[in-house]
Amino acid sequence: MFVLVNLKAYPCDPAAVAAAARDVAEASGVRIAVAPQAAHLDRVAATGVETWAQHVAPVEHGSHTGHTLAEAVADAGAEGTLLNHSEHRLTLADIDGALDAADRADLETVVCANNPQQVGAVAALAPDAVAVEPPELIGGDVSVSTADPGIVEGAVAAAEAVDPAVDVYCGAGVSTGEDLAAAGSLGAEGVLLASGVAKADDPRAALEDLVSGV
Ligand SMILES: O=C(CO)COP(=O)(O)O
């Protein structure tokens, strides 16, 4: 299972969470990556943890003030990028353009989607993975794998029907080892989570619990 920790814009210490994620990944053998704010990418990457961007724009080098350039996040140490997060929606054309930008910069890609129908649509653009995250469950206490297991199974089936090479992750409310195991048993190959780690009193303990069943 792949565990991608999205720090969003939460007021946590990105380097401390990153160091904890690095240690827990090393100790457990579970692949864990951290996606901080773009301005914190280099300090997170400096810890040695696998580092991801939260977004890149569908632009190339040039006159694009205020946009997040794929080459710049790669230069800061990112190895992958989220796209089309529920809190940063893009048009289909912009997802396509951002995937091109990520390819140019050699970034792995996870495109987020609300439901299985959207999973099918974005899987057609051939990202490395898609992540189904029902917006109403994001930031809550109940994991998507418990609250709506059918949406995870539906996402797995939708991606498989379009392009079996696209991995499927799920997210929203994931915070425990049980949640991770449930996601895996529904066919997900990874999870996206945020508040369960970024807002935890002890992010290291939260990560240890998360991978305890793997
Ligand atoms: O949006 C998410 C990850 O990208 C999920 O957030 P929570 O883990 O806080 O529900």
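In what follows, every heavy atom counts, from backbone to side chain, and hydrogens, waters and symmetry copies are set aside. We count ligands from 1, going down the list as the structure has it; atoms in each ligand are counted the same way.
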Parallel under 30°, tilted from 30 to 60°, perpendicular over 60°: which one fits the rings of His88 and His55?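 Plane angle under 30°, so parallel.
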
Could you check whether any side-chain N or O of [X] sits under 3.5 Å from a backbone N or O of [Y], counting only pairs where one atom can act as donor and the other as acceptor?
X: Asn84; Y: Cys112; answer: yes
X: Asp163; Y: Ala124; answer: no
X: Thr109; Y: Leu107; answer: no

Within the 4.0 Å heavy-atom sphere of ligand 1, strictly under, residues: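 Residues within 4.0 Å of ligand 1: Asn6, Lys8, His85, Glu133, Ile138, Gly139, Ala172, Gly173, Leu192, Leu193, Ala194, Ser195.
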
Are Arg31 and Glu108 ion-paired here, with the side-chain N under 4.0 Å from a carboxylate O?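 Yes, Arg31 and Glu108 are salt-bridged.
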
Can you name the closest pair of heavy atoms from His40 and Pro14 and give their distance? ND1-CG, 3.4 Å

